[in-house]
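Below is one structure, written out as structure tokens, with a few remarks after it.
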Amino acid sequence: MLALSVTVVAYYSQSLDVIERPLLELRFKLINQGASKDIVIVEIDPKSLREVGVWPWKRSLHALLIDRLTAAEAAAIVLDVDFSLASNVTDDTALEKALARSNGRTVLAAFRQWSDADNSFIDVGPMPRFAQHVEIASANVFPGPDGLLWRQPLAQEWNQQIIPTLASSIAARSGHLTYPLDLDQDFGIDYSISLASLQRYSFSDVAQGLIDPAAFKGKVVLVGATAVELGDNVATPLYKSLPGALAQMLAAQSLVIDRALQPLSTSATIICLMLVTAFIAAISWNFGLVSILMVVLACDAAIFGVALAAQSYSSQLIPVTPFFFGTFLTSGSSVLIRYHQQGLKIIVERLERIRAQALMANVAKNAFDALITTDELGRIKTTNLAAERIFEIDTANARGRDMSDFYVPSAITDGASFDQVLETAVTTGMPVRVLCKRTTGRAFHAEMAVTKMNENGSLDLILLMRDIDPRVRAERNAQRKERLLVAAKQQAELANRAKTEFLANMSHELKTPLNAMMGFSETMRSEIFGPLGSPKYAEYCTDIYNSGARLLTTVTDVLDFARLENDELAAQKEDVDLTELVTRLGESSKVRAEAAGLTFTVEASERELLYKTDERLLKQALSALISNAIKFNREDGSVRLMLLRKDTGEINLSVSDNGIGIAADEIENCLKAFGQANRGLHRKFEGTGLGLTLAKKYVETLGGELQIVSRVDEGTTVTITLPSD
């Protein structure tokens, strides 16, 4: 009953949640649910940002997307994008007309946020000219006490009305939820839904009409940002951090496929807990320790299996930590009660053995450790040879002296008196460290164990003492060395972290003015606001733009390197046609190669080669290798990009040239950050020396490896090997 009561109190006070949450994440990992095909997501991803080249986008671009999806007969278009402020008249008008043409199929996001200045909630939503053509849905997320997004409400109060959340709106538009919605009702997001099973398309591909319209017919389309640089990230279980659009997608999928998780009621949990603890109590009272342990482990495993099955097949969340905690407390307390008497017997037997050893005078006299017997007041009765040696005193002079004469109060015993130390040693039955002194006055460290012996009605104390001065000195030396090593390690880590953070911060600070410089120079070169006058100005603008682009590339490389140093770069894998990728890279690189007087060829072993990888990272790695092959080539040289799938399933991507090559002893240096084969301020080829470093890091992030084979004046071949899919 005590174990049950403690468990119920811990369960009610949510003290067990810190253990329950990791176990729930484990269940998410074990359950792999497929997503519904009725809803798809169009991502504002890095590829789209890179192709458009500016942020924020013109609203005419969003209007184009809406028209594409409307023409594709999408059931609904849900935009997780802020349209609360005006842009320019032309773009706003284009967006308004596109919303009107969607005939009420579009849903726009609204937000509620707390304002400290106004001491109230501020409701922000789409501009009235947009809102009249659409449904409004809340894009707010509601993290739990641990800062992670576990649950979402079905509706939220906004602007003095009740509006659905984005997830509820998507579920309703797909026919899996009906209005009106309960403001107080919420649901748990099922993170066991596989991200790989989501239908995801790039914004730029959809806007350019590269995706078959049939992919959106009759489906609900969620449009939102997934690019890390936009900062719309949510802390979540299992994934730690997800783009807000993907978190909204998982919440909507939970509703659409009937995976909205709900916890088991408190009353049902307590009833089950009572039954389980009663069963464990009965087992613990009648079986041995090993059997009890096996039963408890089997019971806990069965509970976890039931919870896993219930979550998998009925979306019911059964808390397992209260059962684990209750079975542990019940079995532990039962075992302690059963073995209490046996423990007392063991203590008595130990005292009897100590007394027997004390009576064996010859053995005790020649013991290695000091063996001293005293009366209950601490006056010495007998000593052995070791005691005489350690304290430098003979038996005749020691008998009748108080043991406190050989004790020195110190920080080791918190300044306690010898009587207090004796009481502590007797009470705990554990050895204690003390500072003693010899008859010559020299202090030394000793370890003392004390037991009581009742002999013929007389209460005596047995002190077993050992001189541990050499051991204490060795421990102090070891501790001092360990502190020095820890301090050196921390100093090195702080220096490395400071370097990485400096690179990241400076890269961010440089990118903003560089983007502005390139934008203004492009505007001047295009003579958007009128002619510049002299043709030289246009030439200078081109030089400014090219210099800025080159510096921006350098800064971006440094920023990527800083992210890799901080382990902030994660692969987002999807199916990629590698043949199409190398063909596209070859076409874009061929122009640069021909401008440099080189020939560029592409060889692929298959027309279509699908492979699950991160297209962006692989493309950046290959681009860096191709750039090096063009840069470090000779006149009339050649560059070859080749794709090959081995019989083992491994993928080989190689870039070969017949350029200047790299000396064997310089290859390792080229792979280091900022390392170059041709170093110094007067080197022939410019660059940061990060190309090969980043390429190698990208490939390793994808689970592959990068190898370089090169000969001076003959050429270089760099091969990327990716594991079988």
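Note that these values count all heavy atoms, side chains included, but never hydrogens, waters or copies made by symmetry. The structure presented is a predicted model; accordingly, all values stated were derived computationally and were not measured.
- Using modelled atom types, no side-chain atom of T613 and backbone atom of E615 make a donor-acceptor pair closer than 3.5 Å.
- The backbone N or O of D258 sits less than 3.5 Å from a side-chain atom of S315, completing a donor-acceptor pair.
- Inspection of the Q572 and R200 side chains reveals no N or O donor paired with an N or O acceptor under 3.5 Å.
- Under 4.0 Å is where a charged nitrogen must lie from a carboxylate oxygen, and between D38 and K219 no such pair does.
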- Message: Show, in sequence, the C-alpha distance, side-chain angles and deciding distance for L49 and W55, and conclude whether the side chain to side chain contact (heavy atoms under 4.5 Å, CB included) test is met.
- Response: CA-CA 7 Å; L49 292 178; W55 183 262; 3.5 Å; yes
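- One distance of note links CG of L273 with OG1 of T269; it measures 8.5 Å at 0.5 Å rounding.
- For P126 against L108, the heavy-atom pair with the smallest separation is CB-CD1, 3.7 Å.
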- Evaluation steps, salt bridge (charged side-chain N to carboxylate O under 4.0 Å, His left out), between K97 and D67: CA-CA 9 Å; K97 290 181 179 180; D67 285 337; over 6 Å; no
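- We find the OG-CG distance between S138 and N159 to be 12.0 Å, quoted to the nearest 0.5 Å.
- Annotation: the span from L617 atom CG to Q620 atom CD amounts to 6.0 Å, rounded to 0.5 Å.
- Contact of the L154 side chain with the L255 side chain is registered, since non-hydrogen atoms from C-beta on lie closer than 4.5 Å.
- Looking only at side-chain heavy atoms (C-beta outward), Y611 and V576 stay at 4.5 Å or farther from each other.
- Considering only heavy atoms from C-beta on, V141 comes within 4.5 Å of Q248 through its side chain.
- Using modelled atom types, one side-chain atom of E25 and one backbone atom of L238 make a donor-acceptor pair closer than 3.5 Å.
- L261 is not listed as a side-chain neighbour of W150, based on a closest heavy-atom distance of 4.5 Å or more.
- Aromatic ring pairs are classed by plane angle as parallel below 30°, tilted from 30° to 60° and perpendicular above 60°; the pair F83 and H62 is perpendicular.
- Side chain of Q152 to backbone of F142: a donor-acceptor contact under 3.5 angstrom is found.
- With S254 contributing its side chain and D190 its backbone, the two residues share a donor-acceptor pair below 3.5 Å.
- Minimum interatomic distance between S168 and L181 (heavy atoms only, all atoms of both residues): CB-CD1, 3.7 Å.
- Rounding to the nearest 0.5 Å places OG of S60 at 11.0 Å from CD1 of I66.
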- Message: Working note: E51 + S204, criterion side-chain hydrogen bond (donor to acceptor under 3.5 Å, both in side chains); need CA distance, chi angles, decisive distance, verdict.
- Response: CA-CA 7 Å; E51 293 184 0; S204 61; 3.2 Å; yes
- Task: Begin with the C-alpha distance, continue with both residues' side-chain angles, and end with the deciding distance and a verdict on side-chain hydrogen bond (donor to acceptor under 3.5 Å, both in side chains) for Q33 and Q253.
- Result: CA-CA 10 Å; Q33 295 286 346; Q253 287 283 356; over 6 Å; no
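- No more than 12 heavy atoms of other residues, nucleotides or ligands sit less than 6.0 Å from atom NZ of K217.
- Heavy-atom minimum distance, V18 versus S15: CG1-O, 3.8 Å.
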- Task: Determine, step by step, whether T106 and E135 satisfy the side-chain hydrogen bond (donor to acceptor under 3.5 Å, both in side chains) criterion, reporting the C-alpha distance in whole Å, the side-chain angles of both residues, the deciding distance to 0.1 Å, and the verdict.
- Result: CA-CA 7 Å; T106 306; E135 179 189 17; over 6 Å; no
- Message: If you apply the rule side-chain hydrogen bond (donor to acceptor under 3.5 Å, both in side chains), what do you find for S202 with S48, and how did you get there?
- Response: CA-CA 7 Å; S202 174; S48 302; 3.0 Å; yes
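- With hydrogens and angles disregarded, a donor-acceptor distance shorter than 3.5 Å links the side chain of S13 to the backbone of V9.
- Of the residues listed (I318, I31, V306), the one engaging Q311 in a side-chain contact (heavy atoms from CB on, under 4.5 Å) is I31, and it is the only one.
- For the residue pair A260 and F187, the shortest heavy atom distance occurs at CB-CB, 3.7 Å.
- Annotation: K37, atom NZ; neighbour count of heavy atoms from other residues, nucleotides and ligands within 6.0 Å is above 12.
- The distance from the CG atom of L16 to the CZ atom of R21 is 11.0 Å, given to the nearest 0.5 Å.
- Using a 4.5 Å heavy-atom cutoff, the side chains of N140 and W158 are not in contact.
- In this structure, D45 contributes its side chain and A227 its backbone to no donor-acceptor pair below 3.5 Å.
- In terms of heavy-atom proximity, A63 sits nearest to A94 at CB-O, 3.5 Å.
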- Item | Residue pair Y11, D17: steps toward the side chain to side chain contact (heavy atoms under 4.5 Å, CB included) verdict | CA-CA 8 Å; Y11 172 61; D17 286 356; over 6 Å; no
- Please step through side chain to side chain contact (heavy atoms under 4.5 Å, CB included) for the pair L195 and L250, ending with a clear verdict. CA-CA 8 Å; L195 291 179; L250 288 179; 4.0 Å; yes
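- Ring-plane geometry between F28 and Y191 is classed as perpendicular, the angle between the planes exceeding 60 degrees on a 0 to 90 degree scale with a lower cut at 30.
- The number of heavy-atom neighbours closer than 6.0 Å to NZ of K58, taken from other residues, nucleotides and ligands shown, is 12 or below.
- Once rounded to the nearest 0.5 Å, the distance linking OG of S174 with CD1 of I257 reads 11.0 Å.
- Among all heavy-atom pairs drawn from L702 and K573, the shortest one is O-NZ, 3.8 Å.
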- Message: Between E574 and D614, is the side chain to side chain contact (heavy atoms under 4.5 Å, CB included) condition met? List the steps.
- Response: CA-CA 6 Å; E574 57 184 352; D614 190 315; over 6 Å; no
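- Between Y201 and I41 there is no side-chain heavy-atom pair separated by less than 4.5 Å.
- Looking only at side-chain heavy atoms (C-beta outward), V223 and D80 stay at 4.5 Å or farther from each other.
- In this structure a side-chain-to-backbone donor-acceptor pair under 3.5 Å is missing from R59 to D92.
- When side chains are defined from C-beta on, Q199 does not count as touching I39, because their heavy atoms never get closer than 4.5 Å.
- Remark: D205 engages K47 in a salt bridge, criterion side-chain N to carboxylate O under 4.0 Å.
- In this structure, the side chain of D212 does not engage the main chain of A215 through any donor-acceptor pair within 3.5 Å.
- Distance alone, capped at 3.5 Å, is enough to place a donor-acceptor pair between the E20 side chain and the T321 backbone.
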